[in-house]
Amino acid sequence: MNPLRVYNTYTRKKEDFKPIDGKRVKMFVCGPTVYDLSHLGHARTYIAYDIIARWLRYRGYDLFYLMNITDVDDKIIERAKKRREDPLKMAREFERLFFRDIRSLNIDTIDLYAHASEHIPEIIDQIRRMIEKGFAYVTQTGVYFDVSKFEDYGKLSHQKPEELRRHRIEPDPNKRNLQDFSLWKKRKGEEPAWDSPWGKGRPGWHIEDTAMAEKYLGQQYDIHGGGADLIFPHHEAEIAQMESISGKKPMTKYWVHTGFLKVKGKKMAKSLGNFITIQDALKDYDVETLRLFFSSTHYHSPINFHEKGLEQAKRTLESLYATLDNVRRGARSLKELKDDERALKRKIKENRRRFGEAMDDDFNTPLALTYIYDLDKDSNKLLDKQGNINDRLADDLIATFKELGGIFGILQKERVEEELPEDLKALIEERERARERKDWRTADEIRNWLEEFGVILEDTSQGVRWKKKRQF
RNA sequence: GCCGAGGUGACGGAAUCUGGUUACGUACUCGCCUGCAGAGCGAGUCAUGUGGGUUCAAAUCCCACCCUCGGCUCCA
């Protein structure tokens, strides 16, 4: 088997993927700050890691996938204040909506969600160790990480400390260096606070992730992911925190970052007001359409959000499902495979292999998809030529489509073989009679009418057939 | 200013690391099939940001430049 290769932001290279502990893989992905609804930009990232997780497991890795939920944070407090709500309560409400989004997106790979508010002891413990080791200091306002003590600060974002110093402006005379970041914030007024050796307060920006990661994954683990906007300062700070405590480098073996979702050339962001919430998008498009749309671009590249692109994904899905239907319908129990069928059987095997190679090459989903399209084409060709297909080969094809599609989360819908109501059946028969007497007007009227009811009629050499219109 | 990510037909997008006919898909055009349509099949049209260099050969390597987006304040 070829090695899996992963692009590592830290080394800026694709590397052979070698987990620290054999087949066990530990992955941490930065989750949401639950202060508002999630939009498609978030969906892009979460779906990308869902696909990565599915592929790792499919490939036989024993993956443990951890995601944090930030439920204590400046933004939450600010928003709650405006809405005159309790911050933790409000956070729980947005968290509920986040889980609804995750479910609607068919994301099912995450093993454990960890809340910042539920890891205060672990957070305090990490800060204590940083202070003991001289990497952190206490001021009037809280506890800060002293970046001058950590010589690797800047290594992930490839920034020199001087550069960072120049532009990080956060006037706080208590801090030793301008770019020192907060580990613990002492309470100011009404806000959630916990007891700590440094007084009542709450965790800083980056500490929850390392506290959770250490608890569930250990001081060193395999993959840490998130959007590209987290590289600095968030992930940089995490490295500083964990590696200063443990003295072990690297904290994370492979840093993986997803590209942005853009709208008319700009990053989709709350602050720009150009966002579409996940639920709104799902009103117009089926989740499989969204997932195919995202899978059509490499996770690392920016995606331009286009109606056109979604329409394309939609059509592609329709056509793939149509092929599945055609294959099912054409299946006949025949003993021997014909030459073309044997060739198609070999093609299945071949395309499975090439699909795997594409996914192994830094999760190249757009390339992997082409091997599904190729099988789609060949299936139709065979049906066109023979008019039917050996049922065992048909089963093999359908299983392959479902299995490979399952990596992206497409082609998972079961075909519902429901009966048509009698009156509709009667209409179809009436149309057949109209066609026999070449009364095309009546025939077309009936066909159009049925389409309004979501029933598509197709006249074939084997007679008329109907199908329920699928909505994507 | 510093650090990234990008720039490939009408559109999406792969190949760039590892140089060897710009894959694949959508749209469009034509043909087959069909009363028509749909689905399907076949054929076709259209692209490597610019300028140099290396090479038998460059989307790919080297140099210079242009453009877009992002990070450096909260961000997926």
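Chain letters run A, B, ... following the sequence lines, proteins first and then strands; every chain starts at 1. Here the structure is a predicted model, which is why all the values come from computation and not from measurement.
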S.K.: Of all the choices, B/C3, B/A76, B/G70, which nucleotide is nearest to the side chain of A/Tyr46 once you look at every atom?
M.R.: B/A76
S.K.: Any side-chain heavy-atom pair from A/Pro87 and A/Glu191 closer than 4.5 angstrom?
M.R.: no
S.K.: Using 30° and 60° as the class boundaries, would you call the ring planes of A/Phe453 and A/Trp449 parallel, tilted or perpendicular?
M.R.: tilted
S.K.: Answer yes or no: does a side-chain N or O of A/Tyr7 lie under 4.0 Å from OP1 or OP2 of B/A5?
M.R.: yes
S.K.: Take the angle between the ring planes of A/Tyr153 and A/Phe232 and call it parallel below 30°, perpendicular above 60°, tilted in between.
M.R.: perpendicular
S.K.: Quick one: A/Asp384 CG to B/G42 P, roughly how many Å, whole number?
M.R.: 8 Å
S.K.: Tell me what A/Lys266 touches on the nucleic acid: a base, only sugar-phosphate, or nothing, going by heavy atoms under 4.0 Å.
M.R.: sugar-phosphate
S.K.: Checking all strands, does A/His257 fall into the base, sugar-phosphate, or nothing category for heavy-atom contacts under 4.0 angstrom?
M.R.: nothing
S.K.: Main chain of A/Asn177, side chain of A/Asp180: is a donor-acceptor contact present, judged purely on distance under 3.5 Å?
M.R.: yes
S.K.: Please identify which of these residues, A/Lys314, A/Arg291, A/Lys413, meets the salt bridge (charged side-chain N to carboxylate O under 4.0 Å, His left out) condition with A/Asp286.
M.R.: A/Lys413
S.K.: Heavy atoms from C-beta onward define the side chain here; which of B/C74, B/C75, B/C41 lies closest to that of A/Trp205?
M.R.: B/C74
S.K.: 5'-most contact on RNA chain B: A/Arg12 or A/Lys75, nearest heavy atom basis?
M.R.: A/Arg12
S.K.: Answer yes or no: is there a donor N or O on one side and an acceptor on the other, between the side chain of A/Glu432 and the main chain of A/Val464, under 3.5 Å?
M.R.: no
S.K.: I'd like the C1' distance from B/G6 over to B/G52, given in whole Å.
M.R.: 23 Å
S.K.: Please assess A/Tyr65 against A/Tyr113 for the test ring-ring contact (aromatic ring centres under 6.0 Å, His included), listing each intermediate value before the final yes or no.
M.R.: CA-CA 9 Å; A/Tyr65 177 0; A/Tyr113 294 93; 8.2 Å; no
S.K.: Roughly how far apart, to the nearest Å, are B/U50 and B/A58 at atom P?
M.R.: 15 Å
S.K.: If I take atom CH2 in residue A/Trp466 and atom P in nucleotide B/A39, what distance separates them, rounded to the nearest angstrom?
M.R.: 19 Å
S.K.: Work out how far the P atom of B/C24 is from that of B/C41, and round it to whole angstrom.
M.R.: 14 Å
S.K.: Whether the side chain of A/Lys381 and the base of B/C41 hold a donor-acceptor pair under 3.5 Å is what I'd like checked.
M.R.: no
S.K.: Counting any heavy atom closer than 4.0 Å, what does A/Leu230 reach on the DNA or RNA strands: base, sugar-phosphate only, or nothing?
M.R.: sugar-phosphate
S.K.: Any side-chain donor-acceptor pair under 3.5 Å between A/Asn68 and A/Thr70?
M.R.: yes
S.K.: What nucleic acid atoms does A/Gly265 come within less than 4.0 Å of, heavy atoms only: base, sugar-phosphate, or nothing?
M.R.: sugar-phosphate
S.K.: Mind calculating the distance between OH (A/Tyr299) and P (B/A14) to the nearest angstrom?
M.R.: 13 Å
S.K.: Taking atom C1' in both B/A47 and B/A59, what distance in whole Å separates the two?
M.R.: 11 Å
S.K.: Can you build the contact string for nucleotides 29-35 of chain B? Use B for base contact, S for sugar-phosphate-only contact, and - for no protein heavy atom under 4.0 Å.
M.R.: ------B
S.K.: For A/His306 and A/Lys308, indicate whether the former's side chain and the latter's backbone hold a donor-acceptor pair under 3.5 Å.
M.R.: no
S.K.: How is A/His298 classified with respect to the nucleic acid when contacts are heavy atoms under 4.0 Å: base, sugar-phosphate, or nothing?
M.R.: sugar-phosphate
S.K.: A/Asp378 near the nucleic acid: base, sugar-phosphate alone, or nothing, with a heavy-atom cut-off under 4.0 Å?
M.R.: nothing
S.K.: Does A/His300 place a side-chain N or O at less than 4.0 Å from the phosphate oxygens OP1/OP2 of B/G6?
M.R.: yes
S.K.: Please measure how far the P atom in B/A57 lies from the corresponding atom in B/G20, and state the result in whole Å.
M.R.: 14 Å
S.K.: Can you check the A/Gln159 CD to B/C3 C1' distance for me, whole Å?
M.R.: 4 Å
S.K.: Can you check the A/Arg315 CZ to B/C11 C1' distance for me, whole Å?
M.R.: 11 Å
S.K.: On a whole-Å scale, what distance lies between the P atoms belonging to B/C17 and B/G12?
M.R.: 24 Å
S.K.: For salt bridge (Lys or Arg N to Asp or Glu O under 4.0 Å), just list the numbers for A/Asp384 and A/Lys381, CA-CA rounded to whole Å, side-chain angles, deciding distance to a tenth of an Å, and then say yes or no.
M.R.: CA-CA 5 Å; A/Asp384 232 50; A/Lys381 263 191 219 172; over 6 Å; no
S.K.: Please give the stem ranges for RNA chain B, sorted by first residue number, where a stem is three or more consecutive Watson-Crick or G-U pairs and both donor-acceptor distances are under 3.5 Å.
M.R.: B:1-7 with B:66-72, B:10-12 with B:24-26, B:28-32 with B:40-44, B:49-53 with B:61-65
S.K.: Under 4.0 Å between a side-chain N or O of A/Arg5 and OP1 or OP2 of B/C17?
M.R.: no
S.K.: Using whole Å, report how far CD of A/Glu311 lies from P of B/A27.
M.R.: 11 Å
S.K.: Under 4.0 Å between a side-chain N or O of A/Lys262 and OP1 or OP2 of B/U68?
M.R.: no
S.K.: Between A/Leu56 and A/Leu63, which heavy-atom pair has the shortest distance, and what is it?
M.R.: CD1-CD1, 4.1 Å
S.K.: Hey, is B/G4 sitting syn or anti, using the within-90° cutoff around 0?
M.R.: anti
S.K.: Looking for any heavy atom pair under 4.0 Å, which part of the strands does A/His158 touch: base, sugar-phosphate only, or nothing?
M.R.: sugar-phosphate
S.K.: Summarise how protein sits on nucleotides 20-25 of chain B as a single string, 5' to 3': B when a protein heavy atom is under 4.0 Å from the base, S for sugar-phosphate-only contact, - for no contact.
M.R.: ---BSB
S.K.: Would you tell me if any nitrogen or oxygen in the side chain of A/Ser301 comes within less than 4.0 Å of OP1 or OP2 on B/G6?
M.R.: no
S.K.: If the cut-off is 4.0 Å, is A/Asn304 near the phosphate of B/U68, judged by side-chain N/O to OP1 or OP2?
M.R.: no
S.K.: Could one point to a donor on the side chain of A/Lys267 or the base of B/C75 with an acceptor on the other under 3.5 Å away?
M.R.: yes
S.K.: For A/Gln386 and A/Glu341, which I'm curious about, is there any donor-acceptor pair between the side chains at under 3.5 Å?
M.R.: yes
S.K.: On a whole-Å scale, what distance lies between the C1' atoms belonging to B/U8 and B/A43?
M.R.: 24 Å
S.K.: Indicate, with a heavy-atom threshold strictly under 4.0 Å, whether A/Leu261 touches base, sugar-phosphate, or nothing.
M.R.: base
S.K.: Can you measure A/Leu292 atom CG to B/U26 atom P for me and round it to whole angstrom units?
M.R.: 11 Å
S.K.: Any side-chain heavy-atom pair from A/His234 and A/Asp209 closer than 4.5 angstrom?
M.R.: yes
S.K.: Which value, in whole Å, describes the distance between the C1' atoms of nucleotides B/C46 and B/A27?
M.R.: 12 Å
S.K.: Given ring-ring contact (aromatic ring centres under 6.0 Å, His included), test A/Phe355 with A/Phe408 step by step and report yes or no.
M.R.: CA-CA 12 Å; A/Phe355 179 98; A/Phe408 310 114; 5.7 Å; yes
S.K.: Does any part of the side chain of A/Thr141, heavy atoms only, come nearer than 4.5 Å to the side chain of A/Lys175, both counted from C-beta?
M.R.: no
S.K.: Rounded to the Å, how far apart are A/Tyr10 OH and B/G71 P?
M.R.: 24 Å
S.K.: Between A/Tyr49 and A/Lys467, just flag the one whose closest nucleotide in RNA chain B comes earlier from the 5' side.
M.R.: A/Lys467
S.K.: For a quick check of understanding: with a heavy-atom distance under 4.0 Å over all strands, which category does A/Leu457 fall into, base, sugar-phosphate or nothing?
M.R.: base
S.K.: Describe, in one word, how the ring planes of A/His235 and A/His257 are oriented to each other, choosing from parallel (under 30°), tilted (30 to 60°) and perpendicular (over 60°).
M.R.: tilted
S.K.: Do the side-chain N or O atoms of A/Ser319 get closer than 4.0 angstrom to the phosphate oxygens (OP1, OP2) of B/G40?
M.R.: yes
